[in-house]
J.: 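First the structure, which I've put down as structure tokens, then a few questions once you've had a look.
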Amino acid sequence: MAVSFIRVDDRMIHGQTCTRWALEYPCDGLIAVNNAAAKNPVLKSAYKSASGKKTFVWGLDEFKEKSGKVLASKDNYFLITKNPLDMEKILVEQGFEPGVKTVIIGPCNDRPGTTKLGNNQSITQEEAQALENIMQAGYEVEFALLKEEAIGNWKKFRGQFGFN
């Protein structure tokens with residue numbers, strides 16, 4: 001397996017991702033997919049030094065080009081995006097099939113136009129649509145800052161956004 005864990009986290013790479021979640025899902029490295037970060041050398045460098053693991057910061061197109069290599073790798077990677085929209089592009093639009101069928105939604109900051117689902121977990125209607133599309137593509141979508149702090153599956157919240 002080349003992808004051991006899939007996460008949406010608005011901070012992308014930080015200590016909690018690398019230490020706490022790696023206990024649950026062992027990994028050799030991290031792949032962060034975000035167009036803005038991939039184009040920003042300072043951000044890219046900060047993310048690469050944050051984990052102590054092999055870290056790649058790619059834009060969506062670069063990920064699509066390299067996704068076959070990721071799947072063929074003998075190493076296990078965390079796949080992380082900053083928001084649900086980018087994860088939807090990877091899993092639904094690009095049709096990437098990592099073998100892992102659970103997407104963990106971590107921190108999504110409170111912002112104007114969001115609905116608060118839990119502590120530091122707020123999403124917009126557009127992000128809700130992305131999560132619905134991910135679920136309809138066969139994935140479980142779980143909200144959890146940490147494994148022991150899970151607040152529930154997308155199925156529990158989707159009615160708040162008009163999905164039945």
J.: Applying side chain to side chain donor-acceptor pair (under 3.5 Å) between Ser122 and each of Asp10, Asp110, Asn109, report the one that passes.
T.: Asp110
J.: Measure the spacing between CE of Met87 and CD1 of Ile104 and express it to the nearest 0.5 Å.
T.: 10.5 Å
J.: Distance from Arg11 atom CZ to Ile80 atom CD1, nearest 0.5 Å?
T.: 11.0 Å
J.: Measuring only between side-chain heavy atoms, which start at C-beta, is Phe161 closer than 4.5 Å to Glu132?
T.: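 When only atoms from C-beta onward are counted, Glu132 and Phe161 do not touch, as no gap falls below 4.5 Å.
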J.: We want to know whether Gln129 and Gln125 form a side-chain donor-acceptor pair, criterion being a heavy-atom distance below 3.5 angstrom.
T.: no
J.: Taking the side chain as every heavy atom from C-beta outward, state whether Cys27 and Lys53 have any atom pair closer than 4.5 Å.
T.: yes
J.: Please find the pair of heavy atoms, one from Arg7 and one from Pro107, that lie closest to each other, and give the distance.
T.: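 Minimum heavy-atom separation between Arg7 and Pro107: NH2-CD, 3.3 Å.
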J.: With sequence neighbours left out, what residues match Tyr139 under ring-ring contact (aromatic ring centres under 6.0 Å, His included)?
T.: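 Tyr139 satisfies ring-ring contact (aromatic ring centres under 6.0 Å, His included) with no other residue.
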J.: Less than 4.0 Å between a side-chain N and a carboxylate O, is that true for Arg20 and Glu148?
T.: yes
J.: So which atom in Ile134 and which in Val103 form the shortest heavy-atom distance, rounded to 0.1 Å?
T.: CG2-CG2, 4.0 Å
J.: May I ask you to decide if Ile105's main-chain N or O and Gln121's side chain share a donor-acceptor pair within less than 3.5 Å?
T.: yes
J.: Run the side chain to side chain contact (heavy atoms under 4.5 Å, CB included) test on Thr114 and Ile123 for me, step by step, so that the C-alpha distance in whole Å, both residues' side-chain angles and the decisive distance to 0.1 Å come before the verdict.
T.: CA-CA 5 Å; Thr114 59; Ile123 61 171; 5.8 Å; no
J.: Of the non-hydrogen atoms in Val3 and Pro98, which two are nearest, and what is the gap between them?
T.: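 Shortest heavy-atom contact: CB-CB, 3.8 Å.
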J.: For the CD atom on Glu149, are there more than 12 heavy atoms of other groups (residues, nucleotides or ligands in this structure) within a distance under 6.0 Å?
T.: yes
J.: Kindly assign one of parallel, tilted or perpendicular to the pair Trp58 and Phe56, based on the angle between their ring planes and the thresholds 30° and 60°.
T.: tilted
J.: Can you tell me how far CD of Glu93 sits from CG of Asp86, rounded to the nearest 0.5 angstrom?
T.: 10.0 Å
J.: For Glu24, look at atom CD and say whether over 12 heavy atoms of other residues, nucleotides or ligands are found less than 6.0 Å away.
T.: yes
J.: How long is the straight-line distance from CD of Glu142 back to NZ of Lys156, given to the nearest 0.5 Å?
T.: 10.0 Å
J.: Please tell me whether Val33 and Leu85 are part of a single hydrophobic cluster in this structure, the criterion being side-chain heavy atoms less than 4.5 Å apart.
T.: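 As far as the 4.5 Å side-chain criterion goes, Leu85 and Val33 are not connected within one cluster.
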J.: Run through Ile13, Val57, Leu79 and flag the one making a side-chain contact (heavy atoms from CB on, under 4.5 Å) with Leu30.
T.: Ile13
J.: Counting heavy atoms not belonging to Lys64, are there more than 12 under 6.0 Å from its NZ?
T.: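 No, NZ of Lys64 has 12 or fewer neighbouring heavy atoms, counting only those of other groups under 6.0 Å.
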J.: Who pairs with Phe143 by ring-ring contact (aromatic ring centres under 6.0 Å, His included), at least two apart in sequence or on another chain?
T.: Phe157
J.: Identify the two heavy atoms, one from Gln160 and one from Thr115, that lie closest to each other, and give their separation to 0.1 Å.
T.: OE1-CG2, 3.6 Å
J.: If you round to the nearest 0.5 Å, how far is OG1 of Thr81 from CG of Asn34?
T.: 8.0 Å
J.: Look at atom CG of Asn40 and say whether more than 12 heavy atoms of other residues, nucleotides or ligands are closer to it than 6.0 Å.
T.: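 Count over threshold, so yes.
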J.: Donor-acceptor check, side chain of Lys39 to backbone of Gly59, threshold 3.5 angstrom: yes or no?
T.: no
J.: Donor-acceptor pair, distance only, cut-off 3.5 Å: does the side chain of Asp28 make one with the backbone of Asn76?
T.: yes
J.: Taking the side chain as C-beta and beyond, is there a heavy-atom pair between Phe78 and Ser4 under 4.5 Å?
T.: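 Side chain of Phe78 against side chain of Ser4, heavy atoms only: contact under 4.5 Å found.
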J.: Relative to the ring of Phe96, is the ring of Phe63 parallel (under 30°), tilted (30 to 60°) or perpendicular (over 60°)?
T.: perpendicular
J.: Looking at every non-hydrogen atom in both residues, tell me the closest pair between Ser49 and Ala46 and how far apart they are.
T.: OG-O, 3.1 Å
J.: Please report the interatomic distance CD(Glu62) to OG(Ser67), rounded to the nearest 0.5 Å.
T.: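 If we round to the nearest 0.5 Å, Glu62:CD and Ser67:OG are 11.5 Å apart.
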J.: Nearest heavy-atom pair of Leu60 and Asn35: which atoms, and what distance?
T.: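 It is N-OD1, 2.7 Å.
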J.: Any donor-acceptor pair under 3.5 Å linking the side-chain atoms of Asn83 with those of Glu127?
T.: no
J.: Please confirm whether Phe5 and Trp21 have ring centers closer than 6.0 angstrom.
T.: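 Yes, ring centres under 6.0 Å apart.
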